[in-house]
Amino acid sequence: MAQPKYIPAAFEQKWAEQWEKDQIYKTPDPKSAEKKAYVLDMFPYPSGAGLHVGHVEGYTATDIYSRYLRMNGYAVLHPMGWDAFGLPAENYAIKTNVHPEITTNNAIKTFIAQIKRTGLSYDWSRELGTHRADYYKWTQWLFLLLYKKGLAYRKEALVNWDPVDQTVLANEQVLPDGTAERSGAKVEQRMLTQWFFKITDYAERLLQDLDKLDWPESTKQGQRNWIGKSTGINITYQVDGMDAPITVFTTRPDTNFGATFIVLAPESEYVRSHIESFPKKDEVKIYLEQAKLRTELERISNKSKTGVFTGLYAINNLNGKKLPVYVGDFVLATVGTGALVGVPGHDMRDFEFAQAMGLPVIRVVIGPDGDTGPITTAEQVQEGEGTMVNSEFLDGMDTIAAKEKIMDYLEEKGWGKRVTNYRLRDWLISRQRFWGAPIPIVYDKDGKDHPVDQAELPVILPMDVEFKPTGVSPLKDHAGFQAVDTTKYGEGAYREADTMDTFVDSSWYFLRFCDPHNETEFASREAMNKWGPVDLYVGGAEHTVLHLLYARFFTKVLFDEGYITFDEPFLKLRHQGTILGPDNRKMSKRYGNVINPLEVADQFGADTLRMYEMFMGPFSDMKAWNTQNIQGIYRFLTRIWNVFHTEASFATAATGRDADPAVVSRLQKTIAKVGSDILEMKFNTAISSMMEFMNAWEGKAISREDAQKFLLILAPFAPFITEELWHTVMGQTTSIHTQRWPEVDTSKILAETIELPVQVNGKVRSKITIESADVPEEEIRKLVMADPRVLQFTGGKVAKFIYVPGRIVNIIAK
RNA sequence: GCCGGGAUGGCGGAAUGGCAGACGCGCGGGACUUAAAAUCCCGUACCGGCAACGGUGUGUGGGUUCGACCCCCACUCCCGGCACCA
C-alpha cells in the first residue's frame with residue numbers, strides 16, 4: 001500500500017471547522033479547575049492589510065503557551081478582539097466616503113478568517129470590538145467614573161496639533177524630533193480647551209509598582225524615564241524692586257554658593273504676569289516674539305543658547321549676592337517651576353548660557369582645595385560628585401552630604417521647600433475626530449459641562465456623517481447627535497463633539513474579556529477577580545509607554561474604587577522581536593519586502609508557518625525572514641508524517657519489532673525539555689529537541705503509546721498535523737487538543753554510560769567511559785592515570801586532580 | 001550625553017562556570033533516477049596533516065578560577081529607548 005503524502009491543504013481546513021463546531025477552545029469555568037491562567041495578546045488594529053508576520057509570531061507564542069497550560073489542567077482565558085477605532089479607517093472614509101464601520105467590520109472578518117486559518121485557539125465567544133456600542137458604552141462609563149473622581153478635567157492648554165490628521169495629540173504620540181508618531185507631520189502648538197485624565201496623581205505609584213512586575217527591564221526603564229521623577233528643592237528668591245519673588249527648582253542645591261544668575265522660561269507664569277514691571281520689558285518682548293517663531297524642534301536641535309536680560313536682580317539668600325535675571329528659551333515652562341538658577345561652574349547648559357550672555361567670572365564650588373576658578377572652557381565644568389569648596393559652612397563636605405545639609409538649612413530659614421517633580425504630564429484624551437468613542441458630556445448654553453446620566457449611555461456614534469478633514473469633529477454639527485434633552489440641560493445645550501483617544505479604549509479591554517457580554521456593568525467583579533490580572537501579556541515593544549502606562553493607570557483607579565482586587569494589569573510581559581524582511585530591513589511596502597503569512601500557510605501549511613516563526617530564533621530578538629529556512633521545518637513535518645505512516649516505526653505484534661530503549665529514554669527527556677522550554681518561551685530550542693528526538697526515532701521503533709506522547713508534545717506547536725495523525729494513524733476519536741500533557745516517566749530514562757572528558761592543563765586529551773556519575777573518585781583516578789594519553793601529557797606527574805562528578809576531569813601536570 | 005540590550009562557523013542560532021558550535025539552513029561528496037526535482041546516506045569552525053593527531057578560536061585588552069562564550073574591570077562597534085528635565 002502506498003504511503004499517503006503530507007499535503008497540509010488536504011486536512012487543515014477540515015480540522016479548523018471541526019474545532020469550531022465542537023467548541024474545543026471555549027473558556028471553562030475557572031471554578032471547575034484548580035488553576036487559572038489569563039494569557040493575552042495585545043489586540044490588533046484591524047487594518048485592511050490583514051494579518052502580518054508579526055501578529056503570527058506573537059499569537060503563536062501565546063497559543064502554544066495557552067495550549068500547554070490547558071493540557072496541564074489550567075482553566076485558561078485566551079481571547080481575541082479588535083482595537084477598532086482610529087484614524088486610518090476615518091482617513092479612508094474621507095477619501096472614499098465609505099463609512100469606517102463598514103471598512104472596519106470587513107477587516108475584522110478578514111482577520112478572523114486568517115486567525116482561524118492559522119490554527120490559533122481563541123475563544124471566539126468572547127470576541128469584542130472597541131467600536132461596538134456595547135463596548136464603548138462602558139468606555140464612556142469609565143470616563144464618567146474618572147470625571148466623578150475628579151480625574152477627568154477640562155482645561156485650556158498649549159497642546160500638540162497635528163496639521164495633517166487635524167487633531168490634537170497626547171505628548172506620548174509626539175516623537176522626540178517634534179513630528180507626529182502616526183502622520184509624520186510637524187506638530188504645532190495650539191491653545192485649546194481639552195479633556196485630560198489626571199494620570200500625574202498616580203505618578204509615584206506607577207513608578208514604584210514597576211518593581212513588582214515581571215517585565216523586560218528595558219520596558220520598565222522606559223516607563224521610569226517617561227515618569228521622570230526628580231527630587232530637589234524649590235528655592236524662592238526676593239527680587240529687587242519687585243513684590244513678586246521668583247521660585248526656581250533645582251536638584252543640585254549643594255552648588256548654590258556657585259549660583260551667578262537666574263533664567264525664566266519665555267512661557268513661564270512669572271514672565272506672563274510680571275513682564276510689564278521688567279526694567280527691560282521692550283527687549284524681553286522682542287525676544288519673546290523671536291522665541292515664538294522658533295519651533296520646539298529648532299529649539300532642541302540648535303544647542304546654542306539665546307536669552308535676554310530682564311534688568312531684574314534677585315538676591316541670593318545665602319550670601320546676599322545679586323543674581324541677574326534672564327529670559328532664555330532653553331528653560332522649559334513645563335519643567336519644575338519654569339525657572340532655574342544658573343551654576344555655570346557645575347552645569348554644562350548653565351555654562352553655555354553664561355558664555356552666550358557674556359557672564360564672565362565663574363565660581364568653582366566643587367573641587368580640590370585652592371582651585372577657585374574662574375573657569376573658561378567647557379572641559380573645566382565639573383558636573384559630578386566631589387568635595388565642596390568656596391561654600392562657607394559646606395566646605396569640605398562631599399556633595400551628597402552637602403545637598404542634605406543645605407536643604408535643611410534653606411527649609412529652616414524658610415527660603416526653600418523640598419519637592420518631587422515628575423516629567424509625566426496629564427493625559428490629553430480629546431480628539432477632534434469622528435471614529436472614536438464620544439465623550440459623554442453635555443454643555444449648557446453657558447458652556448458649563450454636565451456628565452451624561454449612566455442611563456443615557458451609550459452616546460451613540462451616528463452612521464450618517466459627512467467626512468471632511470476640517471479640524472472639527474463631524475459630530476459638531478450633526479443634528480441627530482446634537483439633539484439633547486432640553487428639559488434636563490436647558491435650551492441651547494449641546495454635546496461634546498470630540499471623541500476619546502483610542503488609547504482610552506485599549507486601556508481596559510483586558511477587563512471586558514473577563515465578562516464581555518455583561519449588559520449592566522463594565523464587567524462583573526466576580527469575573528474580573530477570578531481571571532485577572534493577566535498572567536502573560538505578549539505584544540510589541542512599541543507600546544512601552546503609551547498603552548502599557550495607561551492600562552496600569554486605569555487598573556489602579558479601578559482598584560482604588562474597589563472594583564478589582566489587583567492593582568497591576570499585567571504580571572508578566574514579553575515582547576515579540578520584530579521580524580525583518582529577507583533583506584534585513586524593516587518590512588515595508590516601500591522596500592517590497594513584506595512577507596504575507598497567509599501565502600506561506602497556503603504553500604506549506606499553517607503548521608509550517610507557525611513552527612517556522614517559532615524556530616527563527618529567541619522570541620524577543622529581532623530576526624530576519626529566511627525563505628530557505630522554512631524548508632527545514634516543512635521537511636521536519638514531512639518526516640514526522642512519513643514515520644507515522646511507516647508500520648516499522650511501531651513496536652507491535654504485527655511488526656514484530658521491539659521498542660528501542662534509547663529512543664524511549666530520549667522521548668522522556670524530550671517531554672520534559674519541551675514543557676520547560678514552553679514555560680520559558682524558548683520555543684526555538686523546544687523545536688530543536690523535538691527534531692533531535694525524530695532523528696533518534698527514524699529507523700527504530702517505539703510503542704504506539706509512546707508515539708502518541710510525541711504527538712501530544714508537538715500538538716501545541718503544530719495543531720493540524722498532530723490532530724490528523726492522532727485520528728488517522730492512532731485511531732483516536734476525540735481531539736488531541738483536549739488531552740493531557742504526558743507525564744515524564746523517569747524510570748524509562750536510561751542510566752547512560754558517561755563519556756568523561758579528561759583534561760590536562762585545561763585541554764581535553766582523552767576520554768574515559770564510566771557507568772554512572774556515582775563511580776567513586778578513587779576509581780576514576782585509577783582509570784585516568786592508567787590512560788596512555790594522559791600519561792603522555794602528564795608524564796605521570798600530577799600536581800592536582802580535579803573531578804567534577806559526571807562532568808569532567810582536569811589534571812594539572814607538574 | 002544618559003538608560004536598556006547585544007556581538008559565537010558561510011547563515012539563523014545552541015551552550016549561563018565543566019568536551020564551544022546542539023538543531024536547522026546552505027555548501028561538498030555519494031545513493032536512487034534515462035534525467036531532474038523530491039528523498040536518503042556521509043562530510044562540513046579555521047590552519048597544518050593522507051591519517052592518527054597537533055595548533056588556533058565565542059568583538060578588543062586585562063583580571064578571577066584547576067577550568068571562562070558564561071563572572072569582574074576597561075574599551076570598540078551595533079540595535080532599541082530617552083534627552084537643554086534644571
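Numbers restart at 1 for each chain; the letters A, B, ... are given by sequence-line order, proteins then strands.
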Answer with base, sugar-phosphate or nothing: what part of the nucleic acid does Pro216(A) contact at a heavy-atom distance below 4.0 Å?
-> nothing

Review point. In this structure, are over 12 heavy atoms from other groups packed under 6.0 Å from Glu647(A) atom CD?
Key: no

Arg635(A) CZ to rG24(B) P, in whole Å, measures 10 Å

To the nearest angstrom, the NZ-P distance between Lys673(A) and rA15(B) comes to 6 Å

If pairing means Watson-Crick or G-U wobble with both distances under 3.5 Å, then the partner of rG17(B) is none

Between Ala339(A) and Gln221(A), the residue closer to the 5' end of RNA chain B by nearest nucleotide is Gln221(A)

Exactly one of Phe615(A), Tyr612(A), Phe604(A) clears ring pair (Phe, Tyr, Trp, His ring centres under 6.0 Å) with Tyr634(A), and that residue is Phe604(A)

Classify the side-chain pair Thr306(A)/Tyr287(A) by whether it contains a donor and acceptor separated by less than 3.5 Å. yes

- Using the C1' atoms only, state how far rA20(B) lies from rC69(B), rounded to an integer number of Å. 8 Å

Interatomic distance at P, rG10(B) relative to rG6(B), whole Å
23 Å

- Task: Determine the interatomic distance between P on rG18(B) and the same-named atom on rC78(B); round to the nearest Å.
- Result: 32 Å

message = Can you tell me if Lys623(A) touches the phosphate of rG12(B), counting only side-chain N or O atoms and a distance under 4.0 Å to OP1 or OP2?
response = no

Fill in: Rounded P spacing from rC71(B) to rA15(B) in Å
14 Å

### Query
Taking 4.0 angstrom as the limit, do Glu57(A) and Lys623(A) come out as a salt bridge?
yes

Whole-Å distance, Phe801(A) CZ to rG67(B) P, equals 16 Å

(request) Return no unless some side-chain N or O of Arg224(A) is found under 4.0 Å from OP1 or OP2 of rC3(B). (result) no

Gln628(A) atom CD is separated from rA38(B) atom P, nearest whole Å, by 11 Å

Can you check the distance between rU8(B) and rG61(B), where both ends of the measurement are the P atom (answer in whole Å)? 16 Å

- Quick one: sort the Phe261(A) and Tyr326(A) rings into parallel, tilted or perpendicular, breaks at 30° and 60°. perpendicular

Heavy-atom closest pair (Met611(A) atom, Ile633(A) atom, distance to 0.1 Å) is CB-CG2, 3.6 Å

- With a 4.0 Å cut-off on heavy atoms, is Thr544(A) in touch with a base, just the backbone sugar-phosphate, or nothing at all? nothing

Closest to the side chain of Ser688(A), out of rG24(B), rC23(B), rU56(B), is rC23(B)

| request: Tell whether Asn225(A) reaches the base of rC82(B) with its side chain through a donor-acceptor pair below 3.5 angstrom. | output: no

From CD of Glu267(A) across to C1' of rC84(B) the rounded distance in Å is 13 Å

Check your understanding: Has Arg423(A) got a side-chain N or O lying under 4.0 Å from the OP1 or OP2 atom of rA83(B)?
Key -> yes

Out of rC79(B), rC85(B), rU39(B), minimum distance to the side chain of Met622(A) belongs to rC79(B)

The Watson-Crick or G-U wobble partner of rC40(B), with both key distances under 3.5 Å, is rG30(B)

By the Watson-Crick or G-U definition, both distances under 3.5 Å, rC2(B) is matched with rG81(B)

Considering only heavy side-chain atoms of Leu340(A), the closest of rG18(B), rG4(B), rA86(B) is rA86(B)

To the nearest angstrom, the CZ-P distance between Arg425(A) and rC82(B) comes to 16 Å

Scanning all shown strands, the Watson-Crick or wobble mate of rA68(B) with both distances under 3.5 Å is none

- Would you tell me if any nitrogen or oxygen in the side chain of Arg765(A) comes within less than 4.0 Å of OP1 or OP2 on rC53(B)? no

Comparing nearest nucleotides in RNA chain B, the 5'-proximal residue of the pair Pro757(A), Thr251(A) is Pro757(A)

- Task: Please check if any side-chain donor atom of Asp426(A) sits under 3.5 Å from a side-chain acceptor atom of Thr200(A), or the reverse.
- Result: yes

Would you verify whether the NZ or CZ of Lys305(A) falls within 45 degrees of the ring axis of Phe353(A) while also being under 6.0 Å from that six-membered ring's centre? no

Classified by glycosidic angle (syn within 90° of 0, else anti), rG13(B) comes out anti

message: Between Thr247(A) and Thr236(A), is there a side-chain donor-acceptor contact under 3.5 Å, judged purely by atom types and distance?
response: yes

Worksheet item: Do His575(A) side-chain atoms and Gly539(A) backbone N/O form a donor-acceptor pair below 3.5 Å?
Response: yes

Practice task
Kindly say if Ser230(A) contacts the phosphate of rA86(B), meaning a side-chain N or O under 4.0 Å from OP1 or OP2.
Solution key: yes

Checking N1-N3 plus N6-O4 or O6-N4 for Watson-Crick, or N1-O2 and O6-N3 for wobble, each under 3.5 Å, the partner of rG61(B) is rC73(B)

Margin query: Any side-chain N or O of Asn684(A) below 4.0 angstrom from OP1/OP2 of rA14(B)?
Written below: yes

Per atom distances to the Phe615(A) side chain, the nearest of rG24(B), rC19(B), rC25(B) is rG24(B)

Does the Lys NZ or Arg CZ of Arg781(A) fall within the cation-pi geometry relative to Phe801(A) - under 6.0 Å from the ring centre and within 45° of the axis? yes

From CG of Asn626(A) across to P of rC23(B) the rounded distance in Å is 19 Å

For rG54(B), the nucleotide meeting Watson-Crick or G-U wobble distances (both under 3.5 Å) is rC47(B)

Leu332(A) has its side chain closest, among rC66(B), rU39(B), rC84(B), to rC84(B)

The correct set of residues in residues 691-700 of chain A placing a heavy atom under 4.0 Å from RNA chain B is Met691(A), Glu692(A), Asn695(A)

Mate of rG12(B) across any strand shown (Watson-Crick or G-U wobble, both atom pairs under 3.5 Å) is rC23(B)

I'd like the P distance from rC42(B) over to rG24(B), given in whole Å.
12 Å

Open item on the list: Does rA15(B) have OP1 or OP2 under 4.0 Å away from a side-chain N or O of Lys682(A)?
Closed with: yes

Checklist entry - What is the ring orientation for Trp641(A) with His645(A), classed by angle as parallel under 30°, tilted 30 to 60°, or perpendicular over 60°? => result tilted

Quick note, Glu755(A) side chain, CB onward, closest among rA14(B), rC19(B), rA83(B) is rC19(B)

Taken to the nearest whole Å, NZ/Lys763(A) to C1'/rG67(B) is 12 Å

Once you apply a heavy-atom cut-off of 4.0 Å, does Tyr634(A) come out as touching a base, just sugar-phosphate, or nothing? nothing

Under-4.0 Å side-chain N/O to phosphate OP1/OP2 contact, Arg807(A) with rC66(B)
no

- Atom C1', compared across rU16(B) and rU58(B): separation rounded to whole Å: 14 Å

When the C1' atoms of rA45(B) and rC19(B) are considered, how many whole Å apart are they?
15 Å

Winner on side-chain proximity to Arg789(A), out of rC3(B), rG54(B), rG26(B), is rG54(B)

